[in-house]
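Input: a single structure, listed below in structure tokens.
A note on names: the letters A, B, ... follow the listed sequences, proteins ahead of strands, and every chain is numbered from 1.
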There are 2 protein chains.
Amino acid sequence: MIMMGSIMHARERMIQSAALLFRERGIEATALSDVIEHSGAPRGSIYHHFPGGKAELAEDATRYAGDYVAGLIEAVAERNDPVLLVRSFVDQWRTVLRDSDCCAGCPIVAVALDSGEQSGVRRAAAAAFERWQQLCADALRAKEVEPQRAKSLAALMVASVEGAIVLSRVQRDTAPLDLVGAELESLVREAIAA
Amino acid sequence: MIMMGSIMHARERMIQSAALLFRERGIEATALSDVIEHSGAPRGSIYHHFPGGKAELAEDATRYAGDYVAGLIEAVAERNDPVLLVRSFVDQWRTVLRDSDCCAGCPIVAVALDSGEQSGVRRAAAAAFERWQQLCADALRAKEVEPQRAKSLAALMVASVEGAIVLSRVQRDTAPLDLVGAELESLVREAIAA
DNA sequence: GTCTATACGAAGATAGAC
DNA sequence: GTCTATCTTCGTATAGAC
């Protein structure tokens, strides 16, 4: 489904480039020419592959990023260890921060915040967040956590990590994400022990 | 220091309008003409009051919003009840969401995310977040919470609420903030009881 | 399909009158 | 101080050639 590094068609490369650029600069500050340059795609092909223009590209990039992260969550969820799930979720975002000197964040957040009235983009972002929360809640329920508690813990997991990414970017330091990750781990550990 | 509703000079009105518009649309999507229209300020006065242009206005708006929220936190911190602090912090943001049909969020986050290389703006945002965390940590330490724990709990408080605001905006529903608020309250209650 | 050229509009910033 | 007019840049989108 998601191919990174391997041979891709121009359309897929553009989607991936868009996601990478959006998470650093946001949609508004990313020009279509930036996406073309970054992806190495032919100049004239953007409106061929994305007749809906920037909005369509943003929507596809949002879905791409949402599916990619959901895939990572699903993979670790199979281990049936919610604490490990928290840790690997946090680790994944720390890597994004580290690899970019704390300049890159979550593309879904970036897209969500300046999508304005482009409801297609916003809905794609909502779908991604809801799916991540659902996967986290499922993992907790599989360890006998009450459904309501699982739901609110899942919301806390996704919200606090996303917020911590923002704080880490602004402070140019992964410390907020590190602190939040530690708190989340112990909270989840207690919840599944109860 | 912060006057809302009362008589203000054009400069202050513009700063407040900028903060209000930024938290809905972000910096990039907010034109200076939007700020002039919203504030009712005279057209020719923007570069008179803000010689540095949009970047200077954004920096001042970030400081304004950061100070405003810090003032609210300080006011409730005097009651010496961290659980109440969490509740009123969450309530305040829920009101922002409700009053805007979940379209408005935190101006600091909005500014942080598309500030790019405008380091003055980013530094102002970092200062705001660090001060909020410091105030929360102080409130926890005043109730005998260990300094290290107070620090990580404070990071979790700010990060999770900020993240929850983003989720609530994207999902057009305050549910994520409500769930996170409830989890935070019980977590803080346990921390100060220990 | 991919390219170049260009139309069109938006927005930041400046100059100079009042 | 405030206003109008304008310059300039830039980005989306389109048209039409190859």
Are [X] and [Y] packed together at the side-chain level, in the sense that at least one heavy-atom pair is separated by less than 4.5 angstrom?
{"X": "A:I165", "Y": "A:V109", "answer": "no"}
{"X": "B:E162", "Y": "B:W132", "answer": "yes"}
{"X": "B:V69", "Y": "B:Q92", "answer": "yes"}

Roughly how many Å is it from [atom1] in [X] to [atom2] in [N], rounded to a whole number?
{"X": "B:F50", "N": "C:dG12", "atom1": "CZ", "atom2": "C1'", "result": "15 Å"}
{"X": "B:R43", "N": "C:dG12", "atom1": "CZ", "atom2": "P", "result": "12 Å"}
{"X": "B:I36", "N": "D:dT2", "atom1": "CD1", "atom2": "P", "result": "12 Å"}
{"X": "B:R11", "N": "D:dG1", "atom1": "CZ", "atom2": "C1'", "result": "15 Å"}
{"X": "B:I46", "N": "C:dA13", "atom1": "CD1", "atom2": "P", "result": "9 Å"}
{"X": "B:H49", "N": "C:dA13", "atom1": "NE2", "atom2": "P", "result": "17 Å"}

Review item, nucleotides 12-18 of chain D N/O atoms under 3.5 Å of protein N/O:
from, atom 1, to, atom 2, distance (Å)
D:dT12, OP1, A:L32, N, 3.2
D:dT12, OP1, A:K54, NZ, 2.9
D:dT12, OP2, A:L32, N, 3.0
D:dA13, OP2, A:Y47, OH, 2.5
D:dA13, OP2, A:K54, N, 3.3
D:dA13, O5', A:Y47, OH, 3.1

Problem set entry | Minimum-distance nucleotide to B:H48 side chain [options: D:dG1, D:dT4, C:dT4] |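 Looking only at side-chain atoms, B:H48 lies closest to D:dG1.
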Exercise. Below 4.0 angstrom, N of the basic side chain to O of the carboxylate: do A:R11 and A:D60 qualify?
Worked result: yes
Problem set entry | side chain to side chain contact (heavy atoms under 4.5 Å, CB included) partners of A:I36, counting only residues at least two apart |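 Checked A:I36 against side chain to side chain contact (heavy atoms under 4.5 Å, CB included); matches are A:R43, A:I46.
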Exercise. With clusters built from Ile, Leu, Val, Met, Phe, Trp and Tyr whose side-chain heavy atoms come within less than 4.5 Å, directly or transitively, what are the remaining members of the cluster of B:I27, listed by chain and number?
Worked result: B:F22, B:V111, B:V121
Problem set entry | Global bending angle along the helix from C:dG1-D:dC18 to C:dC18-D:dG1, which compares the axes of five pairs at either end, to 10 degrees |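 The end axes of the helix from C:dG1-D:dC18 to C:dC18-D:dG1 are about 10° apart, to the nearest 10°.
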For this session: If a pair satisfies side chain to side chain donor-acceptor pair (under 3.5 Å) and one of its residues is in residues 33-42 of chain A, list it, with sequence neighbours excluded.
Result: A:S17-A:H38, A:R25-A:D34
Exercise. What side chain to side chain donor-acceptor pair (under 3.5 Å) pairs are there with at least one residue in residues 179-194 of chain B, not counting sequence neighbours?
Worked result: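 Every side chain to side chain donor-acceptor pair (under 3.5 Å) pair that includes a residue of residues 179-194 of chain B, provided the two are not neighbours, is A:R149-B:E183, A:S152-B:E183, B:R87-B:E185.
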